[in-house]
Amino acid sequence: MPRSFPPSPDFPQDGGAERAIREALRDQLPDDVVVLHGVHLQEYEQEHETKN
């Protein structure tokens, strides 16, 4: 099972699609993968938000 950060994310009330995608990734990806949820990434001066 891939590692997930955060281990138990809080999904919005209408987060059924986000939850379904996270569960599909968890169930189908190999153990050496890391799944990130709601993480902000910054490269130099440009900020990016992960798409869940």
Side-chain angles (χ1 to χ4, degrees):
M1 180 182 307
R3 290 181 292 161
S4 176
F5 295 99
S8 299
D10 291 327
F11 294 102
Q13 291 291 65
D14 63 345
E18 290 182 38
R19 184 182 311 274
I21 289 171
R22 180 180 175 276
E23 290 172 358
L25 292 172
R26 181 196 63 205
D27 294 344
Q28 297 176 34
L29 292 174
D31 292 344
D32 61 344
V33 170
V34 176
V35 177
L36 304 174
H37 176 81
V39 177
H40 294 274
L41 304 174
Q42 187 165 343
E43 180 179 14
Y44 305 108
E45 298 298 319
Q46 184 66 34
E47 185 176 332
H48 306 276
E49 183 176 343
T50 60
K51 304 298 182 200
N52 301 334

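For the single chain, residues carry numbers from 1 onward in sequence order. All values reported here derive from a predicted model rather than from experimental measurement.
Between atom CZ of residue Arg22 and atom CG of residue Leu36 there is a gap of 11.0 Å, rounded to the nearest 0.5 Å. Rounded to the nearest 0.5 Å, atoms CZ (Arg3) and CG (Asp31) are 10.0 Å apart. Separating the CG atom in Asp10 from the CD atom in Glu18 is a distance of 11.5 Å, to the nearest 0.5 Å.
Shortest non-hydrogen contact noted between Leu25 and Pro2 is O-CG, 3.9 Å.
Residues Glu23 and Arg19 are in side-chain contact: their nearest non-hydrogen atoms beyond the backbone lie under 4.5 Å apart. Between Ser4 and Arg26 there is no side-chain heavy-atom pair separated by less than 4.5 Å.
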